Structure formats: structure tokens, C-alpha cells
Enquirer: 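For reference, the structure I am asking about is given below.
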2 protein chains.
Amino acid sequence: MRTHTCNNLNVENVDQHVKLCGWVQNIRVLSDTLVFVQLRDSYGSVQLLAEQTKMSCFSEQKELLEQLNTDSLIEVAGTVVRRPEEMIKGSTQAGEIELLVDKVKPGEETRLAHRYLDLRRPELQNNIRVRSKTSMAIRQFMDDNGFVDIETPMLFKSTPEGAREFLVPTRVGAGHCYALPQSPQQFKQMLMAAGFDRYYQIARCFRDEDLRADRQPEFTQVDVEMSFIKKEDIQGVMERMVQHVWRTIKSVEITVPFPRMSFAEATSRYGSDKPDTRFDLEITQVPEIALDQHTVAEVLVIPNGANIFSTKEMAPFVDLIRNSQSNNESRLTTVHKINETGASGVSKASLLSRYLVHNQDTQQQQQQQQNQLKEILNSVSANPGDLMFVSERSVYVTPANTTLGRVRTLVSKLLQEKGQLDIPKDKYCFMWVEDFPLFTREVDDANGRLSATHHPFTAPVEKDLPLLYKSPEKVHGQHYDLVLNGVELGGGSIRVHDPAVQTYIFESILKLAPVIKASFDHLVTALGHGCPPHGGIALGLDRLVAILTESPSLRDVIAFPKSANGRDLFMHSPSVAAAVQLSEYGLKVLETSE
Amino acid sequence: MRTHTCNNLNVENVDQHVKLCGWVQNIRVLSDTLVFVQLRDSYGSVQLLAEQTKMSCFSEQKELLEQLNTDSLIEVAGTVVRRPEEMIKGSTQAGEIELLVDKVKPGEETRLAHRYLDLRRPELQNNIRVRSKTSMAIRQFMDDNGFVDIETPMLFKSTPEGAREFLVPTRVGAGHCYALPQSPQQFKQMLMAAGFDRYYQIARCFRDEDLRADRQPEFTQVDVEMSFIKKEDIQGVMERMVQHVWRTIKSVEITVPFPRMSFAEATSRYGSDKPDTRFDLEITQVPEIALDQHTVAEVLVIPNGANIFSTKEMAPFVDLIRNSQSNNESRLTTVHKINETGASGVSKASLLSRYLVHNQDTQQQQQQQQNQLKEILNSVSANPGDLMFVSERSVYVTPANTTLGRVRTLVSKLLQEKGQLDIPKDKYCFMWVEDFPLFTREVDDANGRLSATHHPFTAPVEKDLPLLYKSPEKVHGQHYDLVLNGVELGGGSIRVHDPAVQTYIFESILKLAPVIKASFDHLVTALGHGCPPHGGIALGLDRLVAILTESPSLRDVIAFPKSANGRDLFMHSPSVAAAVQLSEYGLKVLETSE
């Protein structure tokens with residue numbers, strides 16, 4: 001976001017175009033044509049100069065500046081100029097120069113607080129208009145293909161386990177609440193039971209995330225469900241829909257069908273269930289060095305990586321590895337620079353050292369180790385000058401992102417920044433990831449409890465159905481994720497439509513508490529009344545539009561987003577409800593002591 | 001809903017086709033092709049017979065019947081048949097007959113509880129599909145006309161007075177709540193300030209109505225706002241939109257522009273701010289008989305009404321009049337049958353008697369009264385055989401529906417039932433009602449407090465602007481309602497865009513409490529930053545679709561409606577939130593003693 005900090009600009013930077021970020025220390029509007037702002041960051045401060053004759057859009061920028069308060073966050077771009085001799089302040093280096101501003105952008109918080117001004121920026125105007133055109137293109141396609149747009153309730157049922165759902169108190173009785181839906185899942189299945197055959201909706205959904213998570217509490221999804229179909233049918237519809245959207249919005253022709261890849265292949269080759277296949281850098285399984293049958297051992301080789309990255313530049317990798325080990329994504333991951341004679345770090349406490357012959361007392365043993373190492377390096381095509389990551393993880397839990405998958409993503413970013421990897425902007429690698437395990441172990445243990453990988457309504461793949469009753473952990477689900485350039489656009493599944501199977505999954509596999517199981521009774525009953533085989537999908541509209549508009553943040557494609565901690569800084573929401581309002585609903589605020 | 005009650009069917013009705021309503025007493029499925037149901041109402045019981053060979057759709061109907069429990073409400077239609085001699089039960093009349101059913105419709109509650117089965121009915125399938133086509137036609141029109149579809153937040157700010165808004169507790173802090181929006185009003189005005197120029201959205205809105213009110217807590221509106229326009233511009237756009245919808249859905253060509261009528265004219269001629277102009281029956285003001293200048297006296301004449309309605313049939317009028325008097329809609333309303341010599345009831349405590357010469361002692365006085373009466377009857381064209389309603393109300397409050405307006409609507413219904421008034425199904429009388437008073441007195445008093453007739457953001461008509469500061473009660477607003485066949489499809493206004501005027505209205509006219517005024521600060525601030533003149537409208541989509549599908553209830557055009565008391569009988573919502581869930585939000589249920 002910035003090219004310099006406030007302390008490292010000096011006369012040598014004069015005439016350079018730079019970007020700074022910081023807090024407003026004070027603003028002085030000297031005249032209708034001249035504004036001074038003192039900008040401060042953690043390192044120092046610089047005087048900014050906004051002058052009508054020297055910038056375009058001066059009046060808009062001046063209006064923006066006048067909205068700012070002391071300590072408002074801003075980003076500025078401009079040209080470094082020498083201050084008039086008589087105004088140079090003594091000691092600080094910045095005293096000799098100032099910044100002739102050509103663009104001021106208030107920081108996120110400030111911009112959200114004056115959203116109607118921020119929305120006047122051409123980028124946001126364009127994003128919101130593209131969003132409208134995208135919705136319309138989707139609707140046009142769905143309508144042309146016989147889908148019925150059906151609105152489902154926002155005032156939904158609260159579920160006993162509903163940790164992530166917002167409650168809506170009602171006056172029906174004290175403590176009686178609706179909940180805001182996390183998705184229209186149950187309603188759309190009911191619509192299939194009702195015989196609507198092809199349903200879609202661009203639906204608002206809600207999730208009461210942890211306040212730390214930088215997610216929007218409300219989001220929009222393109223929600224689709226179809227009857228009497230197989231997986232391939234809905235995938236085909238969605239491919240043509242995406243094709244229609246790209247054609248309409250980007251004038252780009254997307255090739256269909258999209259490639260299919262199993263979850264197992266995606267996680268082993270790319271270390272991710274949403275692989276970015278715009279570049280190679282594949283991961284290799286190396287069973288030869290696995291400790292035992294409970295372990296997966298994997299290698300990621302970065303060609304020429306040892307030459308590209310200095311030891312200092314590798315710090316982010318070390319951080320990433322440390323985090324992923326503490327998350328139990330991997331047990332141990334080590335990094336090695338490949339050289340002419342072997343690899344660095346082999347003798348240290350590294351994975352490789354564990355697998356190689358330990359004693360190096362004799363020359364024969366040293367030679368044996370050398371040969372073993374060479375064999376491994378050959379098998380993964382690691383050559384001198386390459387960087388090699390080696391990682392081991394449990395066979396019992398395959399995380400959506402393995403450590404090497406995360407390393408791969410990070411490496412690709414850093415390579416792009418260094419100009420060592422070129423990914424054309426208009427390269428769109430769509431794919432379907434499928435054949436997920438239907439159930440996931442909750443802990444890293446062969447006997448761990450099973451939970452639904454996606455949701456409990458996903459049907460098993462037909463050939464795995466017999467396994468459901470003996471080895472449910474081996475059952476694959478008829479779930480499919482639509483992935484684009486390493487981003488999950490959405491996912492869906494063929495649903496269970498046999499009430500006996502649904503009940504077995506609830507009771508015998510997921511072992512749902514009776515009160516939770518009871519909350520799905522209406523669904524099981526509906527399945528029992530001639531509900532056709534059906535399946536569907538949901539795509540995140542916010543994310544889709546962010547990709548189409550190349551926006552870095554979802555907040556840039558939402559007209560009135562909430563800030564990171566769920567606040568509307570413009571409307572000043574949420575706000576404190578009066579006791580009398582709460583009492584209407586038979587509620588009161590808990591005493592602190594409670 | 002029914003032609004008979006269960007007690008008044010007997011052998012004389014054999015071969016007649018009848019409709020009954022009642023509760024299921026018991027169900028016996030005798031075979032795959034034969035079901036017996038005992039139906040009970042408040043008067044008696046009848047045996048129903050559903051036989052495969054004698055009805056179409058037997059299997060669907062059987063499935064429906066099997067869903068029923070004892071005491072489920074149903075409506076049935078069928079043919080009365082004589083029971084086999086040997087099965088006639090002794091004493092009750094109904095014992096000699098039974099009903100061979102051709103159609104069973106579960107009652108509202110039962111149908112909502114099994115909504116997915118009810119939605120299979122061709123009528124509901126059609127309604128929901130027409131709704132989808134209607135939304136699409138609207139979107140197509142708006143998109144073609146340069147409107148940008150912008151999603152505004154569902155998690156809105158709770159307002160201090162928010163009596164009708166649902167709260168959504170958050171984890172930001174105990175008692176910190178969002179509110180669900182009653183409309184996107186403030187957001188769409190901000191979008192105009194942000195320069196979007198033409199906005200639309202098919203938006204979900206929420207209203208926490210009294211549980212007695214048979215309204216849906218969530219509803220959908222077509223929400224529109226435009227910049228740099230006058231009233232006529234947005235009316236023109238909406239007229240063409242409606243035209244497009246009727247063309248698409250009904251293949252009917254609607255004539256535009258729609259007639260305009262002032263609020264004053266609508267209420268005085270039709271006794272309603274949403275007049276049904278498909279038929280005449282106009283109300284006449286008769287200032288000659290008004291008691292004083294604080295009183296409006298009005299007459300409604302029903303040609304030939306005294307002959308059409310028997311005294312018994314006039315009971316609903318008497319009820320209506322009694323209710324409207326207790327609502328203070330009218331002070332006194334009386335009914336008179338016109339005869340050759342004058343009118344009935346004149347001598348009793350009636351309005352007419354108050355205006356006529358009281359003493360009838362002399363023949364001269366009698367003659368004088370007779371003449372006065374004749375003069376009045378002539379002036380309102382009341383002829384022998386007519387029915388005449390006379391009513392007086394306060395000049396200070398003009399209700400949206402006057403007593404005579406309600407009588408007019410009731411009369412039109414009864415006349416239609418009697419075949420005395422023919423309104424073709426495809427007659428669509430659209431109109432704009434406008435020039436509403438900007439403010440309404442809260443009580444029937446020349447000095448009563450003023451409140452905004454529609455909402456506090458509506459702009460005064462330009463020529464009335466000077467009156468705002470001297471006689472605000474005389475100011476007309478730039479508000480307009482779109483009315484079709486006596487139903488309000490929606491309304492809108494040109495908004496205040498001058499922050500000084502908006503502040504004056506908040507402070508000096510509405511005298512808002514500071515905390516409430518403060519909750520609109522962001523709006524006033526935005527108006528101050530170059531907000532263009534703007535205005536908009538909102539149409540009720542549920543009602544629009546109900547009219548297009550000729551549905552008697554809004555519930556018939558909503559896939560998953562709530563029951564009359566706000567319950568989802570299918571999902572069993574709302575449900576009681578666990579104390580631990582509430583405590584996540586720093587809330588607890590009030591003790592009964594509190």
C-alpha cells in the first residue's frame with residue numbers, strides 16, 4: 001500500500017512519485033485552493049500539500065479532506081517536492097521536503113463512515129454497476145433455462161446448535177425466536193418435494209461469525225436446486241451460466257466443460273481443495289520416506305528457488321510452517337536448498353534426516369545416505385539451485401489446505417512480486433473438485449467422531465452406499481465445489497432423498513442429539529412423501545463479483561458493507577436497544593455478575 | 001366457503017353439489033381405493049366418502065387425507081348421495097345421506113403445516129411461477145431503463161422509537177442490536193447522494209406487527225429511487241413498468257398515463273384514498289346540512305338499494321356504521337330508504353332529523369320539512385326506492401377511509417354477490433392519488449400535534465413551501481400512491497434534499513425527541529454534501545402478484561408464508577432459544593414478576 005514511510009523521504013526523493021499511509025495529525029484549509037495536512041505514521045511525519053492548480057479533481061479531494069478528523073486514516077499518492085528554503089524545519093529530514101498530493105484515499109474506517117462519498121469513486125461506481133449486471137445476467141440465464149425464482153423466508157427457525165446464527169426475538173412468547181438463515185438449504189429441498197423441479201434465488205444469508213473474523217455478517221448467494229438430475233446435469237447448467245456471465249461482463253469466452261478433479265488428487269497434487277491451477281509447482285507424495293502407515297510424506301520443489309530467495313526472504317515460509325505445525329496441519333515440515341552434493345539442512349533435526357540412514361560414522365554409511373538422498377531428489381526432480389519443502393502429516397485428517405499447499409500459494413505470490421512467475425490477468429482456470437469424503441474425523445485419530453464434511457443432507461456416491469453401514473469414513477459424497485484460480489466460488493451436492501438413509505446418517509453416523517435430530521423431522525417427513533431425487537449448488541455472489549471486478553476486498557463490491565468487527569460505521573449500527581424495547585420481547589440484559 | 005352446514009343436509013339434497021367445512025372426527029382407510037372420513041362442524045356431522053373410481057386425482061387426495069389428524073380443519077366439495085338402506089343410522093337426518101367427495105382442501109393451518117404438499121396444487125404452482133415471471137419482467141424493464149440493482153443491508157440500525165422493527169442481538173456488546181429494515185428508505189437516499197442516479201431493488205422488508213394483525217412479518221417490495229427528477233418522471237417510469245408487467249403476464253394492454261386524483265377529491269368522491277373506480281356510487285358533500293364549520297356532511301345514494309336489500313340484509317351496514325362511529329371515523333351515520341313521500345327514519349334520532357325543522361306541530365311545519373327534505377334528495381339525486389346513507393365527520397381529520405367509503409365498498413361487494421353489479425375480471429382501473437396533506441393531526445383537534453402523513457423525508461409541493469413556516473397543516477406533500485381497483489399497490493414521494501428544510505421538519509414541525517432526531521444525523525449530513533434532488537417509490541410485490549393471479553390471500557403467492565400469528569407451522573418457528581444461546585448475546589428472559 002505504500003512505497004515509503006514518513007521518515008525515509010528526503011531531498012534525494014524529490015520529483016519521485018510515492019505513496020504514504022498514515023494518520024491525519026492536523027488539517028489546515030488555507031484557502032479555497034490550498035489545503036495543508038500533516039500526515040503521521042509510526043516512523044515520522046510529512047507535510048502534504050493539496051493545491052488546486054496542481055491536481056485534478058481538487059474539489060472532490062478537498063471535500064474528502066474536510067471530512068477527515070485528527071487520526072483519520074488515509075492513503076495518499078503524490079510527488080515529493082523541496083520545501084521553500086525559508087520554511088524548512090530544523091532537524092527532521094522530512095522538514096526539507098513535502099508531498100504535493102495528487103490523490104487522497106481515506107482509510108477503510110473513514111471511508112465506511114462516509115460511504116456515500118466513497119461510493120462516488122469511479123472504482124466503486126463500476127463495481128456496484130458490474131454487480132447489478134452480473135445478477136441480471138445470472139437471472140436471465142436461469143429464467144431462460146426454466147428455473148423459477150422463489151423467495152424463501154428470512155425469518156427462519158432457530159436450531160438448537162445454532163452457534164453461527166443470528167436470533168430474532170419475537171413477541172410470540174418470552175425467549176421465542178426466529179433465526180436468520182445461513183442458507184435456504186431446507187426450504188429449497190422442500191421446494192423439490194413440492195414439485196418445483198428447477199429453483200433458483202439470489203438469496204441473502206447470514207452468519208454470526210466471531211468478531212475477529214474479517215467476514216461480512218450478511219452475504220449473498222446464487223442458490224440453485226434441481227429435481228431428477230445427476231451431478232453432471234447441475235454441473236453442466238452452472239458451467240453454461242458461468243460462461244454466460246463471463247461473456248456478458250468480460251466479453252471473454254470460457255471453455256466448458258470444466259476439468260474435474262477428486263478431492264484426493266487436489267489435496268495431494270496441490271495441497272488444497274481449491275487448487276490454483278494457473279501455474280504448476282505440484283506437490284509429490286513420497287511414500288518411501290513416510291515414517292509408517294499413519295503418515296503421509298510430501299515434497300514441494302521450487303525450481304531455482306534457492307537462487308531466487310535469499311535466506312532473509314524465506315522468513316515468511318518459516319512463519320507459515322511454524323503456524324501450520326501448531327494448527328496440526330502438519331507434524332513436521334522442513335526446508336532444504338538443493339546443491340551439487342545433496343541438500344542443506346539434512347543433518348539437522350529435519351524430516352529428511354529422520355528417513356536417511358542415521359549413522360554417518362563410516363564412509364560407506366555416508367555414501368549410503370548420499371545415494372538415498374539422490375534417489376529421493378531424483379524421484380521428485382529436485383535439481384541443484386532448487387528449494388525443497390518436505391512435510392509429513394497424519395493420514396486420518398486431510399485438511400482442506402495442507403502445509404505444502406499453503407507454501408505453494410505463498411511461493412506463487414512472492415514469485416509474482418519478483419517477476420519470476422507470470423500469470424496473465426485474463427487466465428481463468430475453472431475446475432470442479434469432487435469425491436470429497438462424506439464424513440470427516442473431528443480429531444486426528446482413527447476412532448475419532450465423524451461429522452459431515454459439508455452438510456448432513458449430502459448423498460453418498462452410489463457405489464459407496466454399502467460402505468455407509470460398515471465403514472462410513474470410506475464413503476465419498478456426491479459433493480462438488482466450483483473453483484476458479486484457487487478461489488472457491490461455491491459448492492453443492494446431490495442430496496439424500498431416501499428418508500431411511502437420512503435417518504441412518506443423523507442417528508447412527510453423526511449421532512445427533514435427539515433435540516437436534518428432531519429439528520430436522522419435517523425434512524425427513526417430506527422425503528417420505530414422494531420427494532424426487534434432487535441436488536443443487538450455491539455460489540457466492542460477492543466473491544464472484546470481486547473476481548469479475550478484480551477487487552481485493554469483498555467490501556469493494558457491497559454498497560454498504562459492515563466493518564471488520566460487524567459495525568456499520570455510517571449508520572452507527574448496531575446500537576444499544578432500550579430496556580423497554582427488549583422487554584417487549586420478554587428479554588433483558590444480563591447483569592455483569594451473571 | 002360453504003354452501004351448507006353439516007346438520008342441514010338431508011335426502012332432499014341428494015344429487016346436489018355442495019361444499020362443507022369442518023374438523024376431521026376420524027379417518028378410516030378401508031382399502032387402497034376407498035377412504036371414509038367423519039366430518040364435524042359446530043352443528044352436526046356428515047360422513048365423507050372418497051372413492052377412487054368416482055374422483056379425479058384420487059391418489060393425491062388420499063395422500064392429503066392421510067396427512068390429516070383428528071381435528072384437522074378441511075374444506076370439501078362433493079355430491080350428496082343416499083346411503084345404502086342397511087347403513088342408515090337411526091335418528092340424525094344426516095344418517096340418511098353421505099357426501100361423495102370430489103375435492104378435499106385442508107384448512108389453512110393444516111396446509112401450512114404440510115406446505116410442501118399444498119404447494120403441489122396447480123393453483124399454488126401457478127402462483128409461484130407467475131411471481132417469478134413478474135419479478136423477472138420488472139427486472140428486465142428496470143435494467144433496460146438504466147436502473148442499477150443494488151442490494152442494501154438487512155442488518156440495519158435499530159431506531160429509538162422502533163416499535164414495529166425486529167431486533168437482532170449482536171455479540172458486539174450486551175443489548176447491542178441491529179434491526180431488520182422496514183424499508184431501504186435511508187439507504188436508497190444515500191445511494192442518490194452517492195451518485196447512482198437510478199436505483200432499484202426487489203427488497204425483503206420486515207414489520208413486527210401486532211400478533212392479531214393478519215399480516216406477514218416479512219414482505220417484498222419493488223424499491224425504486226431516481227435523481228434529478230420531478231414527480232411526473234417517476235410516475236411515467238412506473239406506468240411503463242406496470243404496462244410491461246401486464247403485457248408480459250396477462251397479455252393485456254394497459255393504457256398510460258394513469259389518471260391523477262388529489263387526496264381531497266378521492267376522499268370526498270369515494271371516501272377512500274385508494275378508490276375503486278371500476279364502478280360509480282359516488283359520495284356527495286352536502287354542506288347545507290352540516291352542523292357548523294367543524295363538520296363535513298356527506299351522502300351516499302344506492303340507486304334502487306331500498307328494493308334490493310331487505311332489512312335483514314342491511315345488518316352488515318349497521319355493524320359497519322357502529323364500528324366506524326366507535327373508531328371516530330364518523331360522528332353519526334344514518335340510513336334511510338327513499339319513498340314517494342320522503343325518506344324513512346327521518347323522524348328518529350337521525351342526521352336528517354337534526355337538520356330539518358324540528359317542530360311538526362302544524363301542517364305548515366310538516367310541509368316545510370317535506371320541502372327541505374325534497375330539496376336535499378333532489379340535490380343528491382335520491383329517488384324513491386333508493387337507499388341513502390348520511391354521515392357527518394370532523395373537518396380536522398380526514399381518514400384514509402371514511403365511513404361512507406367503507407359503506408361504498410361493502411355495498412359493491414353485496415351488489416356483486418346479488419348479480420346487481422357487474423365488474424369484468426379484466427377491468428384494471430389504475431390511478432395515482434396525490435396531493436396528500438404533508439402532515440396529519442394526531443387527534444381530532446385544530447391544535448393537535450402534527451405527524452408525517454407518510455414519512456418525514458417527503459418534500460412539500462413547491463408552491464406550498466412558504467406555508468411550511470406558518471401553516472404547516474396546509475402544506476401538501478409531493479407524495480403519490482399507485483392505486484389499482486381499490487388496492488394500494490404502493491407509494492412514493494419526491495424527498496426533501498435541502499438539509500435546512502429537513503432539519504426544520506424534524507425539529508420545528510414534528511418536534512422529534514433529540515435521540516430520535518440524532519438517529520437521522522447521517523442523512524442530514526449526506527444531504528449537505530451535494531445530494532441531488534431525488535424521489536422514489538415502493539410497490540408491494542406480494543400484493544401485485546396476488547392481483548395478477550387473482551388470489552384471495554397474500555399467503556397464496558408466498559412459497560412459505562407465516563400463519564396469521566406469525567408462526568411457521570411447517571418448520572415450527574419461532575422456537576424457544578436456549579438460555580445459553582441468549583447469554584451469548586448478553587441477554588436473558590425476563591422473570592414473570594418483572
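Chain letters run A, B, ... following the sequence lines, proteins first, then strands; residues in each count from 1. This is a predicted model, so every value here is computed, not measured.
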Enquirer: Looking at A/Leu191, A/Asp521, A/Asp568, which has the largest count of heavy-atom pairs under 4.5 Å with chain B?
Expert: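 So the answer, after comparing A/Leu191, A/Asp521, A/Asp568, is A/Leu191.
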
Enquirer: Just wondering, do A/Arg555 and A/Ser563 contact through their side chains at under 4.5 Å, heavy atoms?
Expert: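 Counting from C-beta outward, A/Ser563 and A/Arg555 never come under 4.5 Å.
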
Enquirer: Can you tell me which of B/Ala174, B/Gly586, B/Pro561, B/Pro169 forms the most heavy-atom pairs within a distance under 4.5 Å of chain A?
Expert: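 Highest number of heavy-atom pairs under 4.5 Å: B/Gly586.
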
Enquirer: Any donor and acceptor pair, going by atom type alone, linking the side chain of B/Gln216 with main-chain N or O of B/Lys562 inside 3.5 Å?
Expert: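 Yes; judged by distance alone, with no hydrogens or angles, the pair exists.
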
Enquirer: Quick check on B/Leu523 against chain A: is it the side chain, the backbone, both or neither that has a heavy atom closer than 4.5 Å?
Expert: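 Neither part; nothing is under 4.5 Å.
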
Enquirer: Heavy-atom pairs under 4.5 Å with chain B are the metric here; pick the option from A/His176, A/Met571, A/His114 that has the most.
Expert: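 That would be A/Met571.
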
Enquirer: Does B/Val224 offer a backbone N or O that forms a donor-acceptor pair with the side chain of B/Lys188 under 3.5 Å?
Expert: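 Yes, B/Lys188 side chain to B/Val224 backbone: donor-acceptor pair under 3.5 Å.
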
Enquirer: Measuring heavy-atom distances to chain A, does B/Ala578 have an atom under 4.5 Å in its side chain, in its backbone, in both, or in neither?
Expert: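 Looking at B/Ala578, nothing touches chain A.
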
Enquirer: Once side-chain hydrogen bond (donor to acceptor under 3.5 Å, both in side chains) is applied, what residue pairs with a partner in residues 145-157 of chain B remain, sequence neighbours excluded?
Expert: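 Qualifying pairs: A/Arg131-B/Glu151, A/Arg204-B/Glu151, A/Thr220-B/Glu151, B/Arg139-B/Asp149, B/Thr152-B/Gln201.
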
Enquirer: Between CG of A/Leu119 and CD1 of B/Ile150, what distance do you get to the nearest 0.5 Å?
Expert: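 CD1 of B/Ile150 is found 8.0 Å from CG of A/Leu119.
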
Enquirer: If you look at every heavy atom in B/Leu554 and B/Ala546, which pair is closest and at what distance?
Expert: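 So the minimum-distance heavy-atom pair works out to CD2-CB, 3.9 Å.
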
Enquirer: Assess the side chains of A/Asp143 and A/Tyr200: does a donor N or O sit below 3.5 Å from an acceptor N or O?
Expert: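 Their side chains do not contain a donor-acceptor pair, so the 3.5 Å distance test is not met.
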
Enquirer: Highest number of heavy-atom pairs under 4.5 Å with chain A: which of B/Arg567, B/Met192, B/Glu218, B/Arg115?
Expert: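 Option with the greatest count: B/Glu218.
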
Enquirer: Strictly distance-based, threshold 3.5 Å: is any side-chain N or O of B/Asp542 a donor or acceptor partner for the main-chain N or O of B/Phe219?
Expert: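 Not a single qualifying donor-acceptor pair exists.
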
Enquirer: Among A/Leu124, A/Leu180, A/Ile128, which residue forms the greatest number of heavy-atom pairs with chain B at distances under 4.5 Å?
Expert: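 Top option by heavy-atom pairs under 4.5 Å: A/Ile128.
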
Enquirer: Between B/Gly530, B/Ser135, B/Ala526, B/Ala579, which residue shows the highest count of heavy-atom pairs closer than 4.5 Å to chain A?
Expert: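 Winner by heavy-atom pair count: B/Ala526.
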
Enquirer: Please look at A/Leu117 and chain B and tell me whether the side chain, the backbone, both or neither of the residue comes under 4.5 angstrom of a heavy atom of that chain.
Expert: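 For A/Leu117, the contact with chain B is made by the side chain alone.
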
Enquirer: At a heavy-atom separation under 4.5 Å, does B/His572 approach chain A through its side chain, its backbone, both, or neither?
Expert: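 Both parts, backbone and side chain.
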
Enquirer: Given the options A/Met154, A/Arg129, A/Met190, which has more heavy-atom pairs under 4.5 Å with chain B than any of the others?
Expert: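 Heavy-atom pair counts peak at A/Met154.
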
Enquirer: Between B/Ala179, B/Ser573, B/Ala194, which shows the greatest number of heavy-atom pairs under 4.5 Å with chain A?
Expert: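 Of B/Ala179, B/Ser573, B/Ala194, B/Ala194 has the most heavy-atom pairs under 4.5 Å with chain A.
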
Enquirer: Going by salt bridge (Lys or Arg N to Asp or Glu O under 4.0 Å), name the residues that satisfy it together with B/Glu123, two or more places apart in sequence or in a different chain.
Expert: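 Per chain and number, B/Glu123 pairs via salt bridge (Lys or Arg N to Asp or Glu O under 4.0 Å) with B/Lys103, B/Arg121.
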
Enquirer: Sort out for me which of B/Thr525, B/Val580, B/Val168, B/Ile558 touches chain A most, counting heavy-atom pairs under 4.5 Å.
Expert: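 Highest number of heavy-atom pairs under 4.5 Å: B/Val168.
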
Enquirer: For chain B, find which of A/Ala577, A/Pro153, A/Pro217, A/Ser583 contributes the most heavy-atom pairs closer than 4.5 angstrom.
Expert: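 It is A/Pro153.
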
Enquirer: Counting heavy-atom pairs closer than 4.5 Å to chain A, which one of B/His529, B/Glu584, B/His522 comes out on top?
Expert: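 Looking at each of B/His529, B/Glu584, B/His522 in turn, B/His529 comes out on top.
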
Enquirer: Who wins among A/Phe156, A/Phe560, A/Phe147 for the most heavy-atom pairs under 4.5 Å with chain B?
Expert: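 That would be A/Phe560.
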
Enquirer: Which heavy-atom pair separates B/Cys531 from B/Gln189 by the least distance, and what is that distance?
Expert: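 Nearest pair, atom of B/Cys531 first, then B/Gln189: SG-O, 4.5 Å.
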
Enquirer: Is B/Arg120 reaching over with its side chain to a backbone N or O of A/Ala193, donor-acceptor style, under 3.5 angstrom?
Expert: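 Pair found, side chain donor or acceptor close to backbone of A/Ala193.
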
Enquirer: Which bit of A/Phe206 is near chain B, if near means a heavy-atom gap under 4.5 Å: side chain, backbone, both or neither?
Expert: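 It is the side chain, since no backbone atom gets that close.
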
Enquirer: Using every non-hydrogen atom in the two residues, find where B/Leu541 and B/Ile202 come nearest and quote the distance to one decimal.
Expert: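 So the two residues come closest at CD2-CG2, 4.0 Å.
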
Enquirer: By a 4.5 Å heavy-atom criterion (distance strictly below it), what part of B/Ser158 contacts chain A: side chain, backbone, both, or neither?
Expert: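 Looking at B/Ser158, backbone and side chain both touch chain A.
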
Enquirer: Is A/Glu63 in contact with chain B via its backbone, its side chain, both, or neither, using a 4.5 Å heavy-atom distance?
Expert: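 The side chain, not the backbone.
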
Enquirer: With a 4.5 angstrom heavy-atom cut-off, could you sort out which part of B/Phe196 is near chain A: side chain, backbone, both or neither?
Expert: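 Both parts, backbone and side chain.
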
